[in-house]
Amino acid sequence: MQTNMENLKAEVKKQLAACKKIQDVQDIRVKYLGKKGEITGLMKNMKNLSPEERPAFGQLVNATRTEVEQWIEARREEVKAQELAQRLQSETIDITLPGRISAIGHEHPLHITRKKMEQAFLRMGFSLVEGPEIETDYYNFQCLNFPDDHPARDMQDSMYITDSILLRTHTSPMQARVLQQHAANEAVKVIVPGKVYRWDYDATHSPVFQQMEGLIVDKHIRFSDLKGMLEDFLREIFGASTKVRFRASYFPFTEPSAEVDISCVMCGGSGCRVCSHTGWLEILGCGMVHPNVLRLNGYDPTVVNGFAFGMGVERIAMLTYGIDDLRLFYENDMRFLAQF
Ligand code: PHE
């Protein structure tokens, strides 16, 4: 009896020692102490014993049971600690591995250029306004003193949506809108950046491009104000040594009108391929606001006058960065864009 019990205890010990997982310990508990377990089963054997033998046997079994229970609990704690240690070991993160670097985007070269232009004008006291890209014939042409037979009004040159609605061909319709939004003869000093649309596509023309318009209306505005302001602006963008030249030109909404050239940014004026060996690059259109435009939009040209100018953002970006094909700005080729 006694030796049987010792053998059993020795067996339990051996098996516990071999446990690797909590589940193994749990299995041993079931095997020996469970409802159908071996030690539990010994109690059921009591009925086969004589009444004298029973108390001693009962005590022995109970003592064994308590002992085995303690071993199992102790072993369970041990195995649990081992399992945890193993997990900590196997699940450690190697923080010395380099992280994954996510690519950070940056501003588009046209956006950088536009911002530089805007900042220059904002410093001179202009306010920035924006207008609709889908425009009426009324604002795009009529209010700007365009004659009925002007080529820009032709279906061939402008993108019409209906007979009287088109994609604006310039930012100038905002001259009319801004004047109409103000009280008669009220002073105005705005720039208008935005997209414009023309039926054109080659290395220097895109059907969608950006312009920046400027308009000042006030008392006693002179052509020399226009000249001085544009010269300051162009020297800020292209450098202090840039030469600026005004050439007489024609726009229906300005009189007199001028086209403005800067000394070539590539050759400095000596003549090269970029400036077609003239030494000059055309950069913008401008002029004194035509009296008809003031009149058509609620202003009195005998009381106030003003000047206006308009330029292409792409052209300025091409010249600042030395890019010879405007289409590159719109092709989204990362090899090109990543250079700025
Ligand atoms: N709107 C003209 C163009 O697109 C430019 C311009 C603006 C000229 C303002 C004079 C005054 O060519």
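The structure presented is a predicted model; accordingly, all values stated were derived computationally and were not measured. All heavy atoms count here, side chains included; hydrogens, waters and symmetry mates do not. The first residue in the sequence is number 1, and the count goes up from there. Atoms within each ligand, like the ligands themselves, are counted from 1 in listed order.
- Numbered from 1 in the order shown, with element, the atoms of ligand 1 that lie under 4.0 Å from a heavy atom of Glu213 read 7 (C), 9 (C).
- Using a 4.0 Å cut-off between charged nitrogen and carboxylate oxygen, Asp148 and Arg153 count as a salt-bridge pair.
- Remark: Lys227 qualifies as a cation-pi partner of Phe246 under the 6.0 Å distance and 45° angle criteria applied to the six-membered ring.
- Taking distance alone, with nitrogen or oxygen atoms compared against 3.5 Å, Thr254 stays at or beyond that limit from ligand 1.
- Under the 4.5 Å side-chain heavy-atom criterion for grouping Ile, Leu, Val, Met, Phe, Trp and Tyr, Val289 is connected to Val188 within one hydrophobic cluster.
- The neighbour count for Gln89 CD, taken as heavy atoms of other residues, nucleotides or ligands under 6.0 Å away, does not exceed 12.
- Atoms of ligand 1 found under 4.0 Å from any heavy atom of Phe309 (numbered from 1 in listed order, with element): 7 (C), 9 (C), 11 (C).
- Proximity to Ser172 (heavy-atom distance under 4.0 Å) selects the following atoms of ligand 1: 1 (N), 7 (C).
- Of the heavy atoms in Cys286, only backbone atoms (N, CA, C, O) come closer than 4.0 Å to ligand 1.
- Of the heavy atoms in Met311, none comes closer than 4.0 Å to ligand 1.
- The environment of Ile134 atom CD1 is sparse: at most 12 non-hydrogen atoms of other residues, nucleotides or ligands sit within 6.0 angstrom.
- For Phe253, the heavy-atom gap to ligand 1 drops under 4.0 angstrom.
- Looking only at protein heavy atoms, the nearest one to atom 3 (C) of ligand 1 is Arg198 NH2, 3.6 Å.
- Taking every non-hydrogen atom of Gly285 and a distance limit under 4.0 Å, the qualifying atoms of ligand 1 come out as 6 (C), 8 (C), 10 (C).
- Each of the following atoms of ligand 1 lies closer than 4.0 Å to a heavy atom of Gln211: 3 (C), 4 (O).
- When each atom of ligand 1 is checked for a heavy atom of His170 under 4.0 Å away, the hits are 1 (N), 4 (O).
- Distances below 4.0 Å separate heavy atoms of Gln175 from the following atoms of ligand 1: 9 (C).
- In this structure, Glu107 pairs ionically with Lys115, as a charged nitrogen and a carboxylate oxygen lie closer than 4.0 Å.
- Using a 4.0 Å cut-off between charged side-chain N and carboxylate O, Asp261 and Arg247 make a salt bridge.
- At least one test fails for Arg123 against the ring of Phe233: distance under 6.0 Å to the centre or angle within 45° of the axis.
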